[in-house]
Enquirer: 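Pasting a structure here, questions to come.
Labels below follow one simple rule: chain letters A, B, ... track the order of the sequence lines, proteins then strands, and each chain is numbered from 1.
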Amino acid sequence: MAKGDPGVTTRGRRAAPRSKKAGAGKAGDPELVQLLTPEGERIESVTGPDGTEYRVDFTDEEYRGLYRDLVLVRKLDAEATALQRQGELGIWASLLGQEAAQVGSGRALRTQDMAFPTYREHGVLYCRGIDPIMPLGLFRGVDQGGWDPNEFKFNMYTIVIGAQTLHATGYAMGIAMDGKTGTDDGEAVIAYFGDGATSQGDVNESFVWAGVFNAPMVFFCQNNQYAISEPLERQTRIPLYQRAAGFGFPGIRVDGNDVLATYAVTRQALDNARHGQGPSLIEAYTYRMGAHTTSDDPTRYRIASEVEAWQAKDPIARMKAFLTKQQLADADFFAEVDEQARRESVHLRERVLAMPNPEPTTLFDHVYPNGSPLVEQQREQFSRYLESFEGSAH
Amino acid sequence: MAKGDPGVTTRGRRAAPRSKKAGAGKAGDPELVQLLTPEGERIESVTGPDGTEYRVDFTDEEYRGLYRDLVLVRKLDAEATALQRQGELGIWASLLGQEAAQVGSGRALRTQDMAFPTYREHGVLYCRGIDPIMPLGLFRGVDQGGWDPNEFKFNMYTIVIGAQTLHATGYAMGIAMDGKTGTDDGEAVIAYFGDGATSQGDVNESFVWAGVFNAPMVFFCQNNQYAISEPLERQTRIPLYQRAAGFGFPGIRVDGNDVLATYAVTRQALDNARHGQGPSLIEAYTYRMGAHTTSDDPTRYRIASEVEAWQAKDPIARMKAFLTKQQLADADFFAEVDEQARRESVHLRERVLAMPNPEPTTLFDHVYPNGSPLVEQQREQFSRYLESFEGSAH
Amino acid sequence: MATETLTLGKALNVGLRRALENDPKVVIMGEDVGKLGGVFRITDGLQKDFGDQRVIDTPLAESGIIGTAIGLAIRGYRPVCEIQFDGFVYPAYDQIVSQVAKMHYRSRGKLKIPMVIRIPFGGGIGAVEHHSESPEAYFAHTAGLKVVSCANPQDAYVMIQQAIASDDPIIFLEPKRRYWEKGPVEVDAPLADAYPLHAARVARPGTDVTVLAYGPMVRTCLDAATAAAEDGRELEVIDLRTLSPLDLGVVYESVKRTGRAVVVHEAPSNVGLGAELAARITEECFYSLESPVLRVTGFDTPYPAARVEEEYLPDLDRVLDAVDRTYGW
Amino acid sequence: MATETLTLGKALNVGLRRALENDPKVVIMGEDVGKLGGVFRITDGLQKDFGDQRVIDTPLAESGIIGTAIGLAIRGYRPVCEIQFDGFVYPAYDQIVSQVAKMHYRSRGKLKIPMVIRIPFGGGIGAVEHHSESPEAYFAHTAGLKVVSCANPQDAYVMIQQAIASDDPIIFLEPKRRYWEKGPVEVDAPLADAYPLHAARVARPGTDVTVLAYGPMVRTCLDAATAAAEDGRELEVIDLRTLSPLDLGVVYESVKRTGRAVVVHEAPSNVGLGAELAARITEECFYSLESPVLRVTGFDTPYPAARVEEEYLPDLDRVLDAVDRTYGW
Ligand SMILES: Cc1ncc(C[n+]2csc(CCOP(=O)(O)OP(=O)(O)O)c2C)c(N)n1
Ligand SMILES: Cc1ncc(C[n+]2csc(CCOP(=O)(O)OP(=O)(O)O)c2C)c(N)n1
Ligand SMILES: [Mg+2]
Ligand SMILES: [Mg+2]
């Protein structure tokens with residue numbers, strides 16, 4: 001799929017009744033924007049609660065590109081999980097099940113947009129065109145991120161729940177202060193966070209700030225139904241997207257397992273932001289198919305049948321069904337994608353294994369931009385101490 | 001006014017159309033619940049946005065009692081301001097202009113209810129039947145509160161903005177855990193905070209908690225239009241009462257200068273809570289007529305005409321106009337109330353002046369329930385040190 | 001007296017169970033403490049047996065946990081709050097230092113906040129950022145809080161119960177890298193007879209150098225003492241147990257005998273517990289000291305990436321190196 | 001060279017103005033910093049002259065102030081955040097210690113957070129709770145932060161500009177009780193020629209006892225030195241200026257000469273800056289010390305009610321008492 005500006009339209013205006021109401025006809029969740037059913041049926045367009053019409057007009061190539069993204073990020077994620085099992089990573093936070101939420105939103109970003117991830121947005125990172133090796137140093141324990149957010153327009157992973165939403169808001173305020181909104185070239189920010197994070201003070205403060213300063217940003221909540229072991233009901237008694245209304249900006253729930261709907265909704269929200277229409281909240285309704293991290297044991301707190309029910313809503317399967325039904329792709333294509341995924345994951349593995357351990361004294365590097373005599377003194381003492389062992393059996 | 005259960009009804013049910021819609025007919029603010037206009041006209045009843053009918057059926061005596069409360073709390077407050085000017089208090093946070101919000105909500109509390117104030121709820125304290133001298137130690141600087149929240153069902157003043165809303169929520173969770181909801185004797189909590197406080201993480205976390213645990217409590221926000229110098233627009237771009245919807249419980253805006261409406265709305269919300277119907281948010285729309293505290297200079301950030309406009313909505317004047325028009329009170333009554341207010345304020349002044357300074361070594365008291373050898377050692381050393389000056393010119 | 005062999009983690013679990021049994025006002029609250037039993041399983045099985053009103057899975061917000069626990073304490077409960085990892089206590093910092101620590105004082109003794117805040121702390125488990133910190137100095141510097149740390153299963157079992165029974169607000173630091181280490185626990189001994197909560201204890205007597213440690217570093221120092229003994233040096237290892245207030249009588253007595261002291265902790269050196277210990281020991285034992293009190297600590301850098309944490313953390317060799325240096329002074 | 005007589009508060013105000021003039025990326029943000037000019041008027045007139053995009057009245061939430069300032073810093077701004085009072089910095093503690101302090105390290109040097117967090121600190125103004133605290137130890141213990149404090153108008157004027165120009169994240173502690181004290185300020189001297197930010201300085205030379213202080217206590221110690229001189233004792237008063245990292249060269253040199261040291265601060269004693277200073281001085285000057293390093297500090301209680309704060313705060317007499325005690329040892 002071409003980066004930058006794929007041939008897709010979403011229209012921010014009242015739509016004629018030919019488009020469906022959000023999720024109309026779907027059992028259970030009348031509030032969900034969906035453009036691709038679990039069975040792979042396309043819904044032509046959907047009208048959101050505020051009258052916005054959501055649709056996508058991808059080329060065949062672009063549809064296939066989205067499928068490729070989904071398969072690749074799942075495969076790379078699986079490889080990382082395997083690497084952790086084999087002791088090559090200290091821990092891994094898998095995105096399994098959330099591929100569509102991440103690819104849909106990640107592809108909706110324009111080049112100039114800035115993303116603030118949690119620790120799970122490997123799929124978004126991939127869609128930004130960033131080498132998937134980038135965050136693996138953190139999980140291997142050889143560094144703690146170590147990249148420049150501005151170089152990649154992708155902030156470092158943030159582990160403290162919710163903290164990054166304020167950073168995103170400040171950054172978005174900076175965009176407005178720089179006068180970089182109001183045109184198609186305007187910049188926007190996307191802040192990722194989970195359902196659990198919505199309880200944190202910081203996240204709610206970022207809602208306050210974004211509202212007051214009309215910050216050009218999108219709050220993108222991947223509601224994967226759990227915060228480690230705690231189900232959604234421990235964080236809220238109403239749907240999360242409704243939180244936004246309390247702060248004076250729009251909120252919308254999208255089927256986070258539907259890459260097309262996620263794309264359409266995110267693209268619209270980002271474009272609204274870049275045009276100076278302020279913040280909005282997207283709740284991507286999805287499911288964490290795996291454990292919270294490789295350290296977690298989900299059998300302690302959820303039942304197999306729940307996982308199975310969500311299996312039926314798999315984001316990749318529905319895209320494959322759609323491509324097949326529409327004859328947009330054939331077996332060769334699917335085989336080729338799988339092969340590419342295999343190759344990329346082997347390549348990733350090789351590079352992870354080759355990651356060198358940091359030199360001991362690098363732990364003293366970069367404590368301060370301008371350095372510190374205290375740290376330098378400790379570095380020297382420790383170096384001398386290490387040297388004292390040299391030649392010894394230690 | 002009789003304490004406990006004055007003869008008032010509010011009905012938590014859909015009302016027949018004979019009652020007005022909230023604030024119907026009022027210019028400017030269709031969202032405001034009002035039962036007494038600035039001109040002193042009674043509105044028979046008002047139907048809130050959820051269909052609840054708000055009305056009061058006070059006896060003549062009770063109406064006069066409310067007026068008396070308003071006058072008394074204003075007078076005592078003015079006395080405290082005067083005491084500060086004369087150097088007898090270190091600082092004072094005046095409630096001027098917010099008497100109706102405080103008397104209305106304070107009188108709506110039942111004996112068993114628990115209140116968590118900020119630093120400005122002197123009027124609520126008064127209505128709880130607490131001696132107004134109680135908080136003056138704090139402002140004089142002879143103590144930092146020093147009372148038992150459980151004895152008075154009134155927490156100590158909290159200065160850190162928003163912190164007390166979480167305490168209130170925890171306390172309310174405790175009520176539910178104790179099984180003390182569901183009947184007329186059920187307990188409820190009221191948490192006071194300001195418009196500025198709504199931006200704090202803690203306040204929003206308390207909304208999360210209250211929603212999730214269905215805590216029996218009322219969030220009572222006195223929107224006095226300012227957080228020190230910052231106008232409401234620095235905290236929100238929509239009316240504050242709407243915040244509640246984002247957390248899944250009802251919010252309502254009441255005319256905070258209307259003691260009757262404030263009473264009715266608060267009473268209803270508390271009764272809902274005590275009956276197990278969970279939390280709600282009341283925004284009492286009012287105005288801080290004076291400075292933020294005696295240290296503040298409001299002329300730096302607001303214009304006189306704004307203050308004058310609010311002068312016309314004075315909570316006491318409208319109550320007086322009502323009593324006069326309805327011939328519920330005569331000049332003798334008003335004179336008698338003023339005389340009582342004068343007497344009580346003189347009494348207050350005398351007792352403030354008589355407040356002894358704490359002994360130096362009391363600063364070591366009550367650091368820990370079980371004491372600490374470190375503190376005791378410091379106390380002894382300091383006592384010896386002080387003794388070393390005895391007899392000297394020091 | 002029944003003595004069982006338990007891991008430190010299990011000892012805490014059994015201790016918490018006892019506390020829940022003994023006082024209906026005790027409630028446990030935190031993230032994932034319910035069905036999951038906490039990420040370290042310290043509350044394993046407790047929600048099942050005591051119900052979700054006694055063992056409460058909270059929303060994901062640390063300030064909310066401590067703030068609502070304060071309200072429960074005002075209501076008469078005795079909340080035991082779990083903070084999932086050391087690095088996640090800071091969102092609750094305001095509620096801890098400005099409310100929990102100060103309400104007794106503010107009320108002139110009329111209000112008690114008998115709260116225990118459990119924090120798995122320290123490094124050495126190969127974790128990512130924020131999961132390996134040692135925040136004890138932040139709390140020890142805060143008047144109104146008490147701070148303790150256990151170093152072995154027996155203490156874990158007893159101290160958690162003592163902390164919960166105490167009316168003081170207590171930060172209870174659990175040496176997470178030692179959760180899986182086993183030791184004997186007297187599970188039936190009456191709490192009233194137990195060694196006091198706020199008292200240090202000699203973990204290994206010795207004559208040559210006094211080594212002070214707490215929590216995870218006690219084991220490291222005991223190992224160092226074993227190694228030193230092979231070289232003919234007898235280290236006296238003192239497990240401080242209570243970090244605020246410090247209990248220094250036994251320390252002074254020891255240093256006056258040995259003339260040498262080394263303090264060991266994982267937290268950074270600058271304005272850490274080691275500084276306080278050095279200052280107090282020097283003041284009290286000025287004429288007994290053969291060398292200044294030396295500190296073996298984490299460095300004054302953020303806690304580093306896992307693959308260099310072993311360099312960051314004090315270990316046996318660094319302790320012995322400091323011991324040597326007290327001789328060379 | 002133009003020398004003006006300014007209060008410390010006004011010197012900060014003029015220094016901030018210079019910083020806004022010199023670098024369009026500098027933004028001031030906080031509660032009431034706009035029209036009101038801050039509760040202490042330190043930002044008086046700045047919003048009027050630089051607009052509300054450079055001097056930003058924020059919503060009332062300290063975590064939000066610091067968190068959004070981080071985002072602005074990532075975007076290339078240089079935020080100067082005002083925390084209204086010392087006791088209100090704790091809601092922002094997480095953003096400060098886990099984000100501001102660690103992002104440069106986390107990024108392996110690729111990201112800078114050139115932020116200044118201004119905090120009026122300390123007591124002595126007769127205020128209510130939370131308005132008189134001295135939180136420096138909490139920040140000095142945190143690797144990744146630098147901490148400085150000014151003690152006179154000249155330093156206030158220069159140091160605030162240096163702090164803003166520095167790429168390090170800096171906690172800038174303003175001695176609020178000294179805001180109204182006047183002194184000469186060289187308003188035109190080039191910043192490049194100024195005394196370095198992270199350097200201590202002898203405030204009054206002396207031969208008998210080294211007295212260390214910073215911020216509000218420098219004046220107290222200078223007064224003590226004047227009084228001591230009348231009794232024939234010459235105190236050398238050192239204004240530390242930088243609290244993290246400490247600059248101890250001049251201190252060691254002094255103590256080696258005098259053999260006696262007293263550290264003075266308002267913050268509680270336990271695990272405070274004084275402990276670190278005592279530990280470091282003892283280690284470096286072990287054989288020069290005639291007495292242990294003594295501490296004159298606030299007590300290990302919460303900051304008390306205003307009417308007893310003068311008892312709580314170190315004053316001239318308590319400093320002289322400690323000086324005496326270094327002789328009696
Ligand atoms: C402040 C803080 N508290 C606790 C944690 C531990 N923790 C890590 S992930 C997590 C759950 C997050 O849930 P959610 O926001 O739904 O995101 P998800 O992991 O499901 O993507 C918790 C509690 C943390 N990282 N930060
Ligand atoms: C956490 C915290 N930050 C800042 C302050 C300083 N402060 C005291 S009152 C106040 C404004 C509060 O405004 P609001 O919540 O509207 O209440 P009001 O004073 O208007 O009743 C501020 C900023 C504080 N007390 N606590
Ligand atoms: Mg989740
Ligand atoms: Mg207000």
Enquirer: State, without any angle test, whether A:Thr286 and A:Gln98 hold a side-chain donor-acceptor pair at a distance under 3.5 Å.
Expert: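 Result is no, nothing qualifies.
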
Enquirer: Give a yes or no on whether the ring-centroid distance for A:Trp147 and A:Tyr157 is below 6.0 angstrom.
Expert: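 When the ring centroids of A:Trp147 and A:Tyr157 are compared, they turn out to be within the sub-6.0 Å range.
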
Enquirer: Using a strict 4.0 Å threshold on nitrogen-to-oxygen distance, state whether A:Arg234 and A:Asp195 make a salt bridge.
Expert: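 Between A:Asp195 and A:Arg234 there is no salt bridge, as every charged N stays at least 4.0 Å from the carboxylate O atoms.
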
Enquirer: Are C:Tyr312 and C:Tyr303 near enough that their ring centres are under 6.0 Å apart?
Expert: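 Ring centroids of C:Tyr312 and C:Tyr303 are less than 6.0 Å from each other.
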
Enquirer: Could you tell me whether C:Phe40 and C:Phe85 have their ring centroids closer than 6.0 angstrom?
Expert: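 Yes, ring centres under 6.0 Å apart.
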
Enquirer: Quick check for you: among A:Val367, A:Thr198, A:Thr361, A:Asp365, which has the greatest number of heavy-atom pairs under 4.5 Å with chain C?
Expert: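 Sorted descending by pairs with chain C, the first entry is A:Val367.
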
Enquirer: Measuring heavy-atom distances to chain C, does A:Ile91 have an atom under 4.5 Å in its side chain, in its backbone, in both, or in neither?
Expert: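 Looking at A:Ile91, just its side chain touches chain C.
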
Enquirer: Is C:Glu309 close to chain A through its backbone or its side chain, or both, or neither, when contacts mean heavy atoms under 4.5 Å?
Expert: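 Answer is neither: C:Glu309 stays 4.5 Å or more from chain A.
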
Enquirer: For chain C, which of A:Pro360, A:Gly90, A:Gly162, A:Pro358 has the most heavy-atom pairs under 4.5 Å?
Expert: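 Greatest number of close heavy-atom pairs with chain C: A:Pro360.
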
Enquirer: Do the side-chain N and O atoms of A:Asn155 and A:Gln164 include a donor-acceptor pair separated by under 3.5 angstrom?
Expert: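 A:Asn155 vs A:Gln164: no donor-acceptor pair found between side chains.
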
Enquirer: Measure distances from C:Asp57 to the heavy atoms of chain A and classify the residue's part below 4.5 Å as side chain, backbone, both or neither.
Expert: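 Contact with chain A is through both the backbone and side chain of C:Asp57.
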
Enquirer: Is C:Arg260 positioned over the aromatic face of C:Tyr327, cation under 6.0 angstrom from the ring centre and no more than 45 degrees off axis?
Expert: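 Relative to the ring axis of C:Tyr327, which defines the angle, C:Arg260 lies inside both limits.
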
Enquirer: With a 4.5 angstrom heavy-atom cut-off, could you sort out which part of A:Asn357 is near chain C: side chain, backbone, both or neither?
Expert: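 Just the side chain, heavy atoms under 4.5 Å.
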
Enquirer: Would you mind checking which part of C:Phe88 comes under 4.5 Å of any heavy atom in chain A, side chain (CB onward), backbone (N, CA, C, O), both or neither?
Expert: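 Side chain only.
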
Enquirer: Could you tell me which portion of A:Ala197 (side chain, backbone, both or neither) has an atom closer than 4.5 angstrom to a non-hydrogen atom of chain C?
Expert: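 Answer is backbone: N, CA, C or O of A:Ala197 sit under 4.5 Å from chain C.
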
Enquirer: So which residue, A:Ile159, A:Ile161, A:Asp296, ends up with the most heavy-atom pairs under 4.5 Å with chain C?
Expert: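 It is A:Ile159.
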
Enquirer: Heavy atoms only, distances under 4.5 angstrom: which of C:Gly126, C:Gly64, C:Ala306 has the most pairs with chain A? Name it, please.
Expert: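 Greatest number of close heavy-atom pairs with chain A: C:Ala306.
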
Enquirer: Based on non-hydrogen pairs under 4.5 Å, which of A:Arg300, A:His292, A:Gln378 is most in contact with chain C?
Expert: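 Result: the option with the highest number of such pairs is A:Arg300.
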
Enquirer: Is A:Glu233 close to chain C through its backbone or its side chain, or both, or neither, when contacts mean heavy atoms under 4.5 Å?
Expert: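 A:Glu233 has no heavy atom closer than 4.5 Å to chain C.
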
Enquirer: Under 4.5 Å from any heavy atom of chain A, what part of C:Arg41 do you find: side chain, backbone, both or neither?
Expert: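 For C:Arg41, the contact with chain A is made by the side chain alone.
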
Enquirer: Side chain, backbone, both or neither: which part of A:Val375 has a heavy atom under 4.5 Å from chain C?
Expert: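 The side chain, not the backbone.
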
Enquirer: Is a donor on one side and an acceptor on the other found under 3.5 Å between the side chain of A:Tyr385 and the backbone of C:Arg318?
Expert: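 Judged by distance alone, yes, a pair lies under 3.5 Å.
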
Enquirer: Is it the case that the side chains of A:Gln200 and C:Glu62 hold a donor-acceptor pair, with the cut-off being a distance below 3.5 Å and no angle test?
Expert: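 There is such a pair (donor and acceptor under 3.5 Å, judged by atom type) between the side chains of C:Glu62 and A:Gln200.
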
Enquirer: Charged N to carboxylate O under 4.0 angstrom, C:Arg178 versus C:Glu181?
Expert: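 Judged by the 4.0 Å cut-off on N to carboxylate O distance, C:Arg178 and C:Glu181 do form a salt bridge.
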
Enquirer: Please determine if A:Arg302 forms a cation-pi arrangement with A:Tyr226, meaning its NZ or CZ atom is less than 6.0 Å from the six-membered ring centre and no more than 45° off the ring axis.
Expert: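 Flagged: A:Arg302 positioned over aromatic ring of A:Tyr226.
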
Enquirer: Measure A:Tyr368 against the heavy atoms of chain C and call it side chain, backbone, both or neither at under 4.5 Å.
Expert: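 For A:Tyr368, no heavy atom lies under 4.5 Å from chain C.
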
Enquirer: Using 4.0 Å as the upper bound for N to carboxylate O, is an ion pair formed by C:Arg54 and C:Asp49?
Expert: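 Not counted as a salt bridge, because no side-chain N and carboxylate O are separated by less than 4.0 Å.
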
Enquirer: Checking heavy atoms, do the side chain of C:Thr301, its backbone, both or neither come under 4.5 Å from chain A?
Expert: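 Contact with chain A: backbone and side chain both.
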
Enquirer: By a 4.5 Å heavy-atom criterion (distance strictly below it), what part of A:Asp202 contacts chain C: side chain, backbone, both, or neither?
Expert: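 It is neither, since no heavy atom gets under 4.5 Å.
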
Enquirer: For C:Tyr90, is it the side chain, the backbone, both or neither that has a heavy atom under 4.5 Å from a heavy atom of chain A?
Expert: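 Neither the backbone nor the side chain of C:Tyr90 comes within 4.5 Å of chain A.
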
Enquirer: Contact part of A:Leu363 toward chain C, heavy-atom cut-off under 4.5 Å: side chain, backbone, both or neither?
Expert: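 It is both, since atoms from each part get that close.
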
Enquirer: Distance-only, no hydrogens or angles: does the A:Gln144 side chain make a donor-acceptor pair with backbone N or O of C:Glu129 under 3.5 Å?
Expert: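 No.
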
Enquirer: C:Gln47 versus chain A, heavy atoms under 4.5 Å apart: side chain, backbone, both or neither?
Expert: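 Neither part; nothing is under 4.5 Å.
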
Enquirer: Select one option (side chain, backbone, both, neither) describing which atoms of A:Arg140 are under 4.5 Å from chain C's heavy atoms.
Expert: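 Contact with chain C is through both the backbone and side chain of A:Arg140.
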
Enquirer: Under 4.5 Å heavy-atom distance to chain C, tell me which part of A:Ile228 shows up: side chain, backbone, both or neither.
Expert: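 Contact with chain C is through both the backbone and side chain of A:Ile228.
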
Enquirer: Side chains of C:Glu174 and C:Tyr179: is there a donor and an acceptor less than 3.5 Å apart?
Expert: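 Judged by distance alone, the side chains do pair up.
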
Enquirer: Examine whether an atom of C:Glu31 lies under 4.5 Å from a heavy atom of chain A, and if so say whether it belongs to the side chain, the backbone or both; otherwise answer neither.
Expert: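 Both backbone and side chain of C:Glu31 come within 4.5 Å of chain A.
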
